[in-house]
Each structure stands twice: as C-alpha cells, then as structure tokens.
Amino acid sequence: MKKKINNNPFTWNYSPAVETKEHIQINPQYNLFINGKFVKPNSNTFFDTYNPATEEKLAELSLANEKDVNAAVLAANNAYSKTWKKMPAKERAKYIFRIARVIQERARELAIIETMDGGKPIRESRDFDIPLAANHFFYYAGWADKLNYAFPNKTPQSLGVAAQIIPWNFPLLMAAWKIAPALATGNTVVLKPSENTSLTALKLAEIIRDCDLPAGVVNIITGPGSTGSFMVNHPNIHKIAFTGSTHIGKNIQHSIAGTNKKLTLELGGKAANIVFEDAPINQAVEGIINGIFFNQGHVCCAGSRLFVQENIAEEIINKLKARMETLIVGNPLDKNTDVGAINNKEQLSKIKSYLKMGKEDGITLYQTLGELPKKGYFCKPSLFINATQSSRVVQDEIFGPVLTIQTFRTIEEVIEKANNIPYGLSAGVWTDKGSKIFNLTKQLKAGVVWANTYNKFDPSSPFGGFKESGFGREGGLHGLMPYLKF
Ligand code: NAI
Ligand code: MG
C-alpha cells in the first residue's frame, strides 16, 4: 500500500520520485582550499557535516584555525598583487565565464549535494539555487571589462582581499553572490561557508581549481564562527561581506570599528506580505505559500508576516489552509516534495520555541494534518491566525515555515504596522491597482518590494536591506560598488 502523505481528501498521493545519488561523489574527508590546492588544516581538527533529513553523517570537514586563516589571507594577498590585479580585465572575465559554464555542466550533481547537505527540496536546488548561482557568474563576467562604463567619469579600482562569510540557507548561491562580483572587480577572496552546509562550496573549490584560476585568487576554508572571526579581524583583508544573523552582523561591525575595512551586511528580515481586497485572490494565496514555505522559511526575505484586508480575511485563511494541506513535507530528494527538512537541530528547536511562545501569547495556531517523517528535522507548515503586533512571533525572525496573519482596514494602518519592526529587507503587495503599488513601494521601508509576485530574483537586480537588515547591495550594477574604490 502506498504511504499516505497528506490528509487532504482532494489530492492524491504521488508515487515516490526520488533523485538517485549513486553517481554523487562525496569524499569522507575534505581539506582546506588554499593557494589553488587542497591542504591539510594546520589545526589537524575535523568536524562532521550531516544530512538533516536523515541525520546521517555525510563527511568530515577541516576546522580552520588562526594559522589556516593566515595562510589563506596570505595566498589571497599574493595572488592579488602578483597576478589578479595586473591581469587585463577581459582575461579575468574569461575565468569567471568558465566557472559559470562548469557550474552549469555539473548542475545536477551540485543540486543533489545541496539538497543532501542542507535539506532543501531537490526541485528548489535544481530549479532555483544552482541555475541562479551559474547566472551570477555569467552576469558578473560580463561586467569585468566594462567597469568604466558602469561608472562613467570615475576610475573604479579594486580593494584587495575580500573576506566573505555566508550562511546555510542558500549555500552555493550565496557563494556565487559573493565571489562573482569580487572577481569581476579585480579582488581576491577568502570565503567561509556555513559549518552546516560546506559541501557545495568545496565542490566549487574543485571547479575553480579545474578552471585553472590562478592559485590564491579564491580560497575556500571551512570552520565554525571562530574561523569567521579570525577572518574578520585579520589586518590584511580589505573588505568583509557577511550574510547571516543580525547578532553576528552587529558583532562584526563593532570589531572592525576604527579600521579601513569596507563592510556589507545582509542580515535578518521579517517581511510584510500585504493583500488588498482587490487582489487576484488565488494568485495571492500561491504567492503567500511560496513566500513562506519556500525553502522551509529559511529565507531572510521570507514573507513571514501576512497582512490581509479585513473583509477578505476569512476567504484567504480558508484558502490558505486548504492549500497548505496539499503541501508535501518529506524526503528532500523526492521531486514531489514541497517542504524539505529544517537545516539543523538548533534551528528546529528555535522554531519550536517560537511555536510555543505564540501559543502562550494566546494566538491560534493552525498546523497541517499530515504526518512528518520519523527521522530527520522536520516542521509542519504553521499558521498563526489573529497574531498581535507586539507578539514575538510577529517581531522576531523565526526563519522557519511559520506564517503570522494580521488584518487591516486602511492603507495607512497597514503601512504603519508593516514598518513597525526592526527589520527592512523585503515586502510583498497584492492588488490590481498600480497606484496602490507605487504608493506602497515608496512608503514601505524595505530594500525589495514585490508586486503581485514573491521571491523573484535575477542577477541584474540589486538586493539588500534597511535598518537591522543590514546595508550595501548585492546583485546588479549596485553589487559591484562594495568591491570598488573610486
Ligand atoms: P550565524 O550568523 O551564526 O552564521 C552565519 C555565518 O557566520 C556562518 O558561516 C558562521 O560560521 C559565521 N559566524 C558565526 N559567528 C561568527 C563570528 N563571530 N564572526 C564571524 N563569522 C561568524 O547564523 P546561524 O547561527 O547559522 O543562524 C542563526 C539565525 O540567524 C537563524 O535562526 C536566522 O534567524 C538567522 N539567519 C539569517 C540568514 C540570512 O540570510 N539573513 C541566514 C542564516 C541565518
Ligand atoms: Mg549539513
């Protein structure tokens, strides 16, 4: 008998369609990628990386200590002054194009590894993360020899070595967001992926080596927060690009105060997704679902606060519940899966503590009825109905598949509530009136505002936040600026 995967009487159960992983090669142990080679860590210490959907160990990763960080920064500085800075820009572009091409060629392998190491559905890593990562390299390769046109009447110059620290929610994509513009502007790189999801960055290191990028131009080192801290505090780096929690972002800003290091921070978010009575309701419901359950809500720009105009609230809530029941939660390697595993154990307990907090605040919690897999870190798609503005489930970034719903009557009221939050990364607006869209995009304090859609990305459009969501932009022409001086 087929296993029942959800309880909705209107849907049928699909047969499993699990992506094969036989051809995937994950080494038992990985070294650090420094100066064009994989080298043993000075620390001689290793840590494990897991598959969060099965709790199985996938590989051992090197823990980079201060000496390892020093070696990586030295390699990047040498490569900068001896090779990369001197190379004609059009030659640098060729290497970046080559990386893009090889990512495309190895896309399937990268997607499977991303899903195994991080828990996201294969459909997402296959159709979103990996193609977009390749596209970032393509896009920035195009800018490399056109910087004078990008910034007319100025003389853009590279900075030196960029220390780049990235999180676990979009591992390869974040690496591409960081590395591609740094290389295009003539800088060299030391990148540290998250300790939970380093495998695709290590695969990228193999790709970079195979593309014959000059030794030391990109160095990829693994380790926990302490490794990141050594990078940030190293005297010979010139630029820091960080994506992660607001707390660590603030720490980094403190620790570099009084130095010449340039900094961009892409931190948390708590986006308002606003639905007006004149919105196309069914599309809006799809957009709301995509906005919060995409990647288990592990998205800094997730549409985690839903605002619905009062007279359509009941209709939207009913449609949302029905749609949520059709979401398939389970094996991330299955092509039918909509909601995969929570990335790590700590994150799952953080989400659970927020579910408890919301209930204690007296907010009604609706969770889908289907069973969760017995093993692995999973969380049911969850809805907090009648949430209150002051509750912590509304104010804090939960970073999980948890949506809060509030209602509003007037535009002024919803703008006031949407902006009344420490974050300002993104927002969504659903209405058939263009004038309302323009009014809101001006008044919402958010770096990105999507209209009648959600979570759309393109390498040519800049992304970044206001307030505690950070500063600086990634993507597009704007994404070149943090890596240049004029
Ligand atoms: P985190 O901010 O601790 O980690 C992000 C990266 O920074 C990792 O590579 C980590 O090793 C590194 N890091 C940690 N401490 C550091 C330090 N002192 N100096 C330099 N680098 C350091 O985020 P974590 O613990 O993985 O997640 C915690 C929360 O952060 C999540 O629950 C979520 O709310 C938020 N988050 C936001 C993300 C975003 O895209 N804005 C991404 C991931 C998490
Ligand atoms: Mg992992």
Side-chain angles (χ1 to χ4, degrees), residues 26 47-61 63-64 69 113-120 163-171 173-175 177-178 190-202 220-234 237 240-256 263-271 295-302 304 332 340-354 376-377 396-400 402 423 425-426 447 463-465 468-470 474:
I26 298 177
F47 61 98
D48 298 338
T49 190
Y50 291 91
N51 179 338
T54 60
E55 298 174 46
E56 280 161 355
K57 172 176 161 181
L58 291 171
E60 286 174 12
L61 309 175
L63 192 153
V69 171
I113 296 174
E114 200 72 302
T115 284
M116 288 171 71
D117 202 14
K120 64 173 63 198
Q164 307 183 320
I165 299 171
I166 57 173
W168 42 256
N169 52 346
F170 293 95
L173 181 57
M174 287 299 117
W177 276 33
K178 300 266 183 289
V190 179
L191 175 118
K192 188 191 89 62
S194 161
E195 54 272 40
N196 295 312
T197 52
S198 300
L199 289 179
T200 46
L202 291 162
I220 296 181
I221 58 176
T222 48
S226 57
T227 308
S229 186
F230 291 131
M231 290 164 65
V232 166
N233 294 310
H234 198 291
I237 58 150
I240 298 163
F242 173 81
T243 299
S245 62
T246 297
H247 168 68
I248 302 292
K250 285 182 182 175
N251 280 352
I252 291 176
Q253 204 172 3
H254 281 151
S255 61
I256 65 159
L263 175 66
T264 39
L265 296 175
E266 204 266 274
L267 309 175
K270 189 78 179 177
N295 200 18
Q296 299 69 250
H298 296 335
V299 187
C300 44
C301 53
S304 49
I342 300 303
N343 180 274
N344 57 74
K345 208 174 180 173
E346 296 72 39
Q347 189 60 28
L348 180 58
S349 55
K350 175 178 167 183
I351 296 167
K352 283 184 175 161
S353 74
Y354 274 105
Y377 313 131
D396 295 0
E397 181 182 56
I398 301 176
F399 226 62
V402 183
Y423 297 109
L425 192 56
S426 60
F463 182 84
E468 293 199 9
S469 292
E474 293 186 298

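Bear in mind that the values here come from a model prediction, so they are computed numbers and not experimental data. Throughout, numbering of the chain's residues begins at 1 and tracks the sequence. One-based numbering, in listed order, for ligands and for the atoms of each.
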Have a look at ligand 1 and work out which part of His247, if any, has a heavy atom under 4.0 Å from it: side chain, backbone, both or neither. neither

Under 4.0 Å to a heavy atom of Cys300 - the qualifying atoms of ligand 1, by number: 39 (C), 40 (O), 41 (N)

Does Thr243 reach the side chain of Phe170, with side-chain heavy atoms less than 4.5 Å apart? no

Do the rings of Trp168 and Phe399 sit parallel, tilted or perpendicular, given the 30° and 60° boundaries? perpendicular

Test of proximity, Lys350 against ligand 1: N or O pairs below 3.5 Å: yes

Around atom 38 (C) of ligand 1, find the nearest protein heavy atom and jot down its residue, atom name and distance. Phe399 CZ, 3.4 Å

Which part of Glu346 is near ligand 1, with near meaning a heavy atom under 4.0 Å away: side chain, backbone, both or neither? neither

Do any of the N/O/S atoms of Tyr50, backbone or side chain, fall under 2.8 Å from the Mg ion (ligand 2)? yes

Pairs of nitrogen or oxygen atoms closer than 3.5 Å, one from Leu267 and one from ligand 1: do any exist? yes

Would you mind running through ligand 1 and noting each atom that sits below 4.0 Å from a heavy atom of Gln347? 31 (C), 32 (O)

Contact partition for Thr227 relative to ligand 1, non-hydrogen atoms under 4.0 Å: neither

Any heavy atom of Asn169 sitting closer than 4.0 Å to ligand 1? yes

Which of these, Tyr423, Tyr354, Phe242, Trp168, has its nearest heavy atom closest to atom 26 (O) of ligand 1? Trp168

Suppose you place the vertex at the Mg ion (ligand 2); what is the angle out to Asp117 OD1 and Asn196 O, to 10°? 90°

Look only at interatomic distance and state if Ile398 has a nitrogen or oxygen under 3.5 Å from any nitrogen or oxygen of ligand 1. no

Side-chain donor-acceptor pair under 3.5 Å between Thr49 and Asp117, yes or no? yes

Relative to atom 6 (C) of ligand 1, which among Ile166, Ile248, Asn344 owns the nearest non-hydrogen atom? Ile166

Contact region, Pro224 to ligand 1, non-hydrogen atoms below 4.0 Å, reads backbone

